[in-house]
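Scroll down for the structure; my scribbles are underneath it.
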Amino acid sequence: MASPERRAALPKPAQYGRAARASREQSPAAPSSDGLPRRSLGAEERGRPALNWSPVNHQLGHRNDGPACTPVQRALLALTIPLETLQAVKGRMLQAMRKGLSRETHAQANVQMLPTYICSTPDGTEKGDFLVVELCQSHVRTLWVTLLGDGNQSPQVKCKIFDMPGDIMQGKGEAAELISWSKGFSCSDVEGKDVVQLLQAAIDKQELYHVEVVALMNDTVGTMMTCSMRGQPCEVALIAGAGTNSCFMAEAQQVEMAEETSGRMCVNTEWGCFGDDGTLSDILTPYDQYVDQESSNPGEKRFEKLVGSLYLGEIVRHVLTSLAAGKVLFIGSNVAVLRTKDVLKTQQVLEIIDTEEGMAKARAALDALGLRPSERDCCRVQQICRAVVSRAAALCATGLATILSHMCQSRELERLVVNVGVDGELYRGYTRFGEILQSVTGLLAPECMASLLPSVDGTGQGAGMVTAVTLRLAAQRREVDQLLAPLRLSRADLERVQALMRREMELGLGCQTNANASVRMLPTYVRSTPDGTERGEFLALDLGGTNFRVLVVRVAQDSIHIASEVYVIPTTIMQGPGEALFDHIIECIMDFQLKQDLMEHVLPLGFTFSFPCQQLGLDKAVLLSWTKGFSATGCVGQDVVQLLQEAAQRKQHLGLKVVAVVNDTVGTMMSCGYDDPNCEIGLIVGTGTNACYMEEMKNVGTVKGEQGRMCINMEWGAFGDNGCLDDIFTDFDRLVDKKTINAGKQRFEKLISGMYLGEIVRHILLALVEKQLLFRGKPCPKLQTKDIFPTKFLSTIEIPWAGDGDGDGGANGARGSDGLALRQVQAILQDLELQASFEDSMLVREVCQTVSTRAAHLCAAGLAAVVEKMRENRGLAQLAVTVGVDGTLYKMHPHFSQHLQHMLQELAPNCTVTFLQSEDGSGKGAALVAAVACRGTKP
Ligand code: 0WK
Ligand code: BGC
């Protein structure tokens with residue numbers, strides 16, 4: 001005890017510990033009540049470099065242990081890792097993780113980043129009874145987990161613990177492929193084997209119950225799932241226990257070992273082996289080296305040996321051993337006991353660092369070892385224990401920060417907000433561990449906001465949850481596949497459609513059969529494609545697509561100059577009196593001529609009129625039916641050129657001279673044919689869809705003449721109106737058709753074109769909601785609204801992700817970043833007041849992909865029939881031809897053109913088909929047809 005005057009000089013008892021400790025030790029390690037020591041300079045310390053100590057030494061900035069440092073300070077400094085070193089360790093761990101994720105470097109990686117094939121976290125609808133077996137370090141825990149699908153609010157768990165006899169842990173295995181044992185297990189015959197099969201075989205041997213092993217997971221995954229219950233999804237988990245490890249939901253396409261290319265997948269990092277390649281050599285202390293050399297697996301699990309509670313006691317023991325050897329601690333005691341392995345348990349270390357009881361625990365533990373510690377010894381032992389555990393926490397935080405920054409980067413987020421499930425005796429046993437973990441993670445990954453969620457029930461419930469989620473996903477996948485199956489056309493289906501299209505074409509060309517053919521094969525009186533001799537100035541109209549355009553086209557020797565204006569056709573005009581429609585057209589023409597100063601000019605006009613018309617001549621076409629939402633009265637059966645002339649008269653617009661009326665497919669073929677003489681097919685995939693091609697006159701039974709060729713407007717949109725496609729039609733297609741103004745008509749068009757795909761998707765989404773497969777079955781009032789999900793949404797939702805499984809990795813140049821693409825999907829759904837989870841977004845995307853792919857494949861089947869017919873017409877073994885194509889869906893959808901071209905190659909392998917996108921639309925084509933007409937020769 002101190003003399004009365006010394007006592008007077010010393011601080012009050014409460015402070016005693018702290019002050020005494022600080023003064024006595026001058027060491028920065030003297031812990032303060034919050035575990036992070038503050039340094040106050042005692043007399044003998046003045047003039048020494050200012051030391052402020054915490055597991056992360058911000059200020060220290062350098063770790064010199066100049067001559068002034070005491071052996072204890074040197075030990076504590078050695079166990080202190082400056083922030084910038086932790087930053088560097090984080091950088092190395094990020095590299096190590098990327099190495100583990102990459103197929104090329106995975107085999108050499110120490111941080112193995114093992115795919116777990118768990119691609120979803122609980123969504124609260126999980127229901128059922130699940131058996132769980134948990135292999136813990138010293139026991140086996142079996143649980144019966146009952147989930148009620150009530151948002152996992154009240155999972156019921158019954159469990160039973162069975163001790164693990166030592167001979168079993170080291171005995172013959174005969175209990176996924178185990179890579180290596182750790183934490184004291186070393187059963188033979190298990191490493192390299194599929195442990196699920198081993199377990200299933202052991203269960204089947206019992207012939208007791210039919211228990212099927214559904215999922216096997218790492219404890220980190222179970223922790224992530226356990227903490228994901230009760231409506232707070234958790235995408236990261238970390239274990240700081242006997243061993244240490246972590247897992248997180250990675251972007252699946254980055255987990256190259258897993259072949260899964262869309263969505264997310266939980267990755268078990270196995271970060272315990274980080275540093276096995278020497279990347280931690282600059283932070284390893286001699287104490288760590290001793291622990292490693294004495295371990296059952298020297299050189300391995302270097303990171304785990306700095307963090308895992310299996311090793312912390314040993315690290316402390318080696319520090320004490322060296323300090324005792326240096327006559328700094330336990331002077332006068334026999335310290336031989338300190339050479340005994342595992343003589344100091346981590347549990348004791350955790351007790352010693354307790355702010356309240358710690359010193360007493362230290363004395364008790366050291367006394368028990370016969371070390372008769374002084375108060376100072378106890379204080380130093382506590383500091384060392386704190387330093388070792390705090391370093392473990394700081395290193396865990398470094399690992400966690402690495403994961404969080406990686407997730408933030410790979411999701412292209414400014415800021416990542418995420419829940420982290422944490423478990424393990426270190427985290428549970430020492431609150432300060434969690435505080436250091438939280439604060440150091442914040443320092444190392446400031447762009448991320450992590451909430452640490454302690455796991456309430458170890459991994460047991462989590463394992464039950466993984467099994468439930470696995471079964472839920474499997475069941476959902478089966479239901480989704482069942483619902484989407486009718487939309488997934490097989491090769492045989494498409495070949496049949498191709499054959500049906502060919503048959504309908506023949507019927508349409510046949511003089512006798514044309515009238516009943518669904519594909520009307522309308523002669524256009526266009527006999528050839530442009531030959532470059534066309535010249536002159538022409539007006540052109542382009543009606544029937546998304547926009548109504550008026551153009552002036554100047555065709556010169558080596559160039560074509562176009563000026564145009566887009567005008568809107570309001571729905572009231574589209575579906576009003578025909579006179580009003582044509583009056584509106586004339587008004588637009590007059591407005592255009594005024595703007596272009598053409599009022600005094602009487603220019604020949606080419607009229608692209610994109611509806612089924614019976615051409616009676618180049619400048620005479622009788623409207624057979626409206627499509628694409630048009631239904632203006634008094635037009636069907638009329639010559640549309642006549643209707644236009646009459647409107648011009650009504651408007652006293654006398655300068656109109658219509659010389660040609662063409663379909664947009666013909667206009668597109670002519671427009672592209674001007675640049676590529678091989679262009680003999682025109683294709684539109686826009687609001688509507690249709691195709692035309694150059695047919696042999698001898699095959700056109702509806703027009704006299706045998707010589708040469710004529711362009712045939714197929715009007716393939718009506719293919720199937722005779723019911724020949726009914727088995728392709730799904731309930732969703734029927735729902736869409738029923739709600740159109742031309743129900744039962746344009747059946748092929750309604751499977752393919754932009755006016756309808758969004759509606760098909762909308763009905764499928766509603767069906768998925770009804771089956772609780774989407775948005776957790778929550779009612780979606782906005783989604784009930786017709787046309788609320790326009791086809792352009794498909795183009796946005798399907799923008800190529802690196803990980804969209806279509807293998808183009810965004811090859812078509814329109815690479816959308818994953819995070820961005822996901823946010824675009826969620827933004828669209830948000831506008832529809834739909835709160836979409838990640839899985840929901842993926843499912844909506846899958847539905848869009850399924851519908852657009854079917855459309856592209858059906859289009860390919862139709863085109864395959866056309867090119868095969870042209871090849872046969874010309875008696876060619878191989879046909880090379882160009883298709884001039886236009887239309888918003890073909891041009892704007894990220895995958896449509898590719899899927900179409902891929903499938904066409906498969907269905908018509910003897911045809912080399914080049915696709916040429918029309919730049920100026922079919923207005924230019926109409927002008928070229930007019931130019932030919934004006935040349936007085938038949939086009
Ligand atoms: C642009 C053409 C026009 C055609 C349209 C079809 O110039 O003749 O009708 O493409 O595509 P949509 O605008 O319907 O997407
Ligand atoms: C029309 C065709 C037109 C196609 C593309 C269809 O609805 O019937 O004449 O070519 O849409 O615009």
Side-chain angles (χ1 to χ4, degrees), residues 508 518-522 524 540-551 553 562 564-569 574 606-615 621-631 635-636 640 660-672 681-693 711-721 740-742 745-758 790-792 794-795 855 859 862 884-893 896-897 916-929:
S518 68
V519 180
R520 282 174 282 202
M521 306 299 280
L522 302 165
T524 66
L541 306 178
D542 187 351
L543 176 72
T546 313
N547 308 306
F548 168 49
R549 288 197 315 156
V550 182
L551 312 86
V553 182
I562 297 175
S564 70
E565 188 89 20
V566 170
Y567 295 89
V568 175
I569 308 278
M574 287 163 67
F607 186 6
T608 302
F609 186 77
S610 313
F611 301 92
C613 292
Q614 187 73 55
Q615 298 267 164
V622 175
L623 177 63
L624 296 173
S625 62
W626 282 119
T627 64
K628 294 177 287 188
F630 277 72
S631 61
C635 302
V636 173
V640 290
V661 54
V662 295
N663 182 263
D664 53 355
T665 54
V666 180
T668 300
M669 183 187 77
M670 294 300 274
S671 167
C672 295
I681 297 175
L683 171 69
I684 296 285
V685 190
T687 318
T689 183
N690 188 17
C692 72
Y693 71 102
C711 178
I712 296 295
N713 166 14
M714 296 178 65
E715 286 298 337
W716 78 4
F719 173 39
D721 287 10
T740 59
I741 58 172
N742 59 345
K745 298 278 182 246
Q746 298 293 102
R747 306 299 293 272
F748 192 56
E749 178 163 87
K750 286 172 182 167
L751 298 174
I752 293 175
S753 75
M755 190 162 181
Y756 308 101
L757 296 192
T791 300
K792 68 174 185 225
L794 278 74
S795 296
C859 217
V885 58
D886 207 335
T888 323
L889 182 58
Y890 184 94
K891 282 184 166 176
M892 305 311 285
H893 189 281
F896 192 97
S897 56
L916 183 57
Q917 283 197 19
S918 158
E919 293 316 324
D920 310 301
S922 57
K924 171 179 148 189
L928 289 166
V929 173

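Read the numbers this way: they start at 1 and go in the same order the structure lists the ligands and their atoms. Each residue takes its place number in the sequence, starting with 1.
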Identity of the nearest option to atom 5 (C) of ligand 2, non-hydrogen atoms only, from L683, D664, T668: D664

Proximity of I684 to ligand 1 by residue part, where a heavy atom lies under 4.0 Å: side chain

K628, any N or O under 3.5 Å of ligand 2 N or O: yes

Test item: Q615 side-chain N/O and V661 main-chain N/O as donor-acceptor pair under 3.5 Å: yes

Under-4.0 Å heavy-atom contact with ligand 2, by part of N713 that carries it: neither

Winner among S922, A926, S753 once heavy atoms are compared against atom 8 (O) of ligand 1: S922

Backbone N/O of G884 and side chain of T668: donor-acceptor pair under 3.5 Å: no

Protein residue, atom and distance nearest to atom 11 (O) of ligand 1, heavy-atom basis: G887 CA, 3.1 Å

Nearest-neighbour protein heavy atom for atom 1 (C) of ligand 1, which is reported as residue plus atom name and distance: D886 OD2, 3.3 Å

Contact (N/O only, under 3.5 Å) between I684 and ligand 2: no

Side-chain heavy-atom pair S671, S922 within 4.5 angstrom cut-off: no

S610 near ligand 1 by a heavy-atom separation under 4.0 Å: yes

Nearest protein heavy atom with distance in Å, relative to atom 1 (C) of ligand 2: S610 O, 3.4 Å

T668 N/O to ligand 1 N/O under 3.5 Å: no

Side chain K745, main chain W626, donor-acceptor under 3.5 Å: no

Nearest non-hydrogen protein atom, atom 6 (C) of ligand 2: E749 OE2, 3.0 Å

Any G545 heavy atom less than 4.0 Å from ligand 2: no

Test item: N690 side-chain N/O and W716 main-chain N/O as donor-acceptor pair under 3.5 Å: yes

Atom 9 (O) of ligand 2: nearest protein contact (heavy atom, Å): E715 OE2, 2.5 Å

Subset of ligand 1 atoms that lie under 4.0 Å from at least one heavy atom of T888: 11 (O), 12 (P), 13 (O), 15 (O)

Sub-3.5 Å N/O-N/O distance, R549 and ligand 1: no

Residue T627 vicinity, atoms of ligand 2 by number, heavy atom under 4.0 Å: 1 (C), 6 (C), 7 (O), 8 (O)

Within 6.0 Å of CE in M574, more than 12 heavy atoms from elsewhere: yes

T665 N/O under 3.5 Å from ligand 2 N/O: no

All salt bridge (Lys or Arg N to Asp or Glu O under 4.0 Å) counterparts of K792, not counting sequence neighbours: none

Parallel, tilted or perpendicular: ring planes of F896 versus Y890, cut at 30 and 60 degrees: perpendicular

T687 contact mode with ligand 1 (heavy-atom cut-off under 4.0 Å): both

